[in-house]
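No hydrogens, no waters, no symmetry mates; every other heavy atom, side chains included, goes into these values. Since we're looking at a predicted model, the values are computed, not measured.
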Amino acid sequence: PTTHTPLAIKQGVFTSCQGINFSCFLPFVLLHLPLIGSSILILTILTTLALPSFREFIANQRIRNASFQLMASLTLARSQAITQNGSVDLKKAGDNWNAGWTVTDGTNTFGAQEALNSLRITDSGGLGTITYGRDGRITTAATKFTVKPGTDMSGVTPRCITIGLSGLPSSTVGDCS
């Protein structure tokens, strides 16, 4: 029977590449090196372009989560005031609202929020406590909370949480006006 041997093997091209000999791969590496280098360059450029928008995305998500947490705490305070048939307070934990807050009736603590670093939460009334009466309405002045990043960033949108006299909080995107 006749066997067909490839021409390259007949001419002895692959005879020096038998066994483990890394010099056989040198032509392959030299051929693909510009392709690998340009791929790394393109990847670096794309990463550099995407990084600022990713930071903005993270900052927007932190603001969104903090505003939802504040809304949930306000809703909890209102609900507990109605359920307990008495006053329930939302009190800031430190000098400012981003240091955290607690929901309490003076005896029981219904919820607490840890500090929200890298954010700035302010209220228009400069209040340290929001008090809900037994009917679910606030007994303190109506106020608006602004949630924004600790340092101003372009492309990051603050959120506004408004508490009307009825006690129901509402959230909107943008600065409080």
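A side-chain donor-acceptor contact under 3.5 Å links S73 and W101. T131 and D89 form a side-chain donor-acceptor contact under 3.5 Å, judged by distance and modelled atom types alone. Of the N and O atoms on the side chains of T102 and T109, not one donor lies less than 3.5 Å from an acceptor on the other residue.
Atom OG1 in T83 sits 9.5 Å away from atom CG in N85 (nearest 0.5 Å). One distance of note links CG of D123 with OG1 of T146; it measures 9.0 Å at 0.5 Å rounding. Taking CG from N65 and CG from N60, the interatomic distance works out to 11.0 Å, rounded to the nearest 0.5 Å. Taking CG of L74 as the start and CD1 of I130 as the end, the distance is 7.0 Å to the nearest 0.5 Å. Remark: R78 CZ to L90 CG distance equals 14.0 Å, nearest 0.5 Å. R64 CZ to S171 OG: the interatomic distance, rounded to the nearest 0.5 Å, is 10.0 Å.
Taking the ring axis of F68 as reference, the NZ or CZ atom of R159 stays within 45° of it and closer than 6.0 Å to the ring centre.
A continuous path of hydrophobic side-chain contacts links L70 to L127 [ILVMFWY only; heavy atoms under 4.5 Å]. Under a hydrophobic-cluster definition in which Ile, Leu, Val, Met, Phe, Trp and Tyr are linked whenever side-chain heavy atoms come within less than 4.5 Å, directly or via other members, I121 and M71 are assigned to the same cluster. Cluster annotation: I138 and L76 are assigned to the same hydrophobic cluster (Ile/Leu/Val/Met/Phe/Trp/Tyr, side-chain heavy-atom contacts under 4.5 Å, transitive).
For W97 against K91, the heavy-atom pair with the smallest separation is CZ3-C, 3.9 Å. The nearest pair of heavy atoms linking K144 to C176 is CB-SG, 3.8 Å. In plain terms, the two heavy atoms of D105 and N108 that are nearest each other are OD1-N, 2.6 Å. Closest non-hydrogen pair, D175 versus P158, comes out as OD1-CG, 3.2 Å. For L119 against N98, the heavy-atom pair with the smallest separation is O-ND2, 3.1 Å. When all heavy atoms are compared, the tightest approach of A99 to A93 is O-CB, 3.8 Å.
The backbone N or O of R137 lies less than 3.5 Å from a partner atom in the side chain of D135, making a donor-acceptor pair. When atom types are taken as modelled, the side chain of Y132 and the backbone of T139 share no donor-acceptor pair closer than 3.5 angstrom. Not one N or O on the side chain of S79 forms a donor-acceptor pair closer than 3.5 Å with the backbone of T75.
Heavy atoms of other residues, nucleotides or ligands lying less than 6.0 angstrom from CD of Q61 number more than 12.
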Take T162 and C160 through the test side-chain contact (heavy atoms from CB on, under 4.5 Å) and record every step on the way to the result.
CA-CA 6 Å; T162 305; C160 179; 3.7 Å; yes
Give the C-alpha distance, both sets of side-chain angles, the deciding distance and a yes or no for side-chain contact (heavy atoms from CB on, under 4.5 Å) between V88 and R134.
CA-CA 8 Å; V88 175; R134 63 181 181 194; over 6 Å; no
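Contact of the F57 side chain with the R62 side chain is not registered, since no non-hydrogen atoms from C-beta on lie closer than 4.5 Å.
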If you look only at distance, which donor and acceptor atoms sit under 3.5 Å apart when one is on a side chain in residues 148-157 and the other is two or more places apart or in another chain?
{"residue": "D152", "atom": "OD1", "partner": "R120", "partner atom": "NH2", "Å": "3.4"}

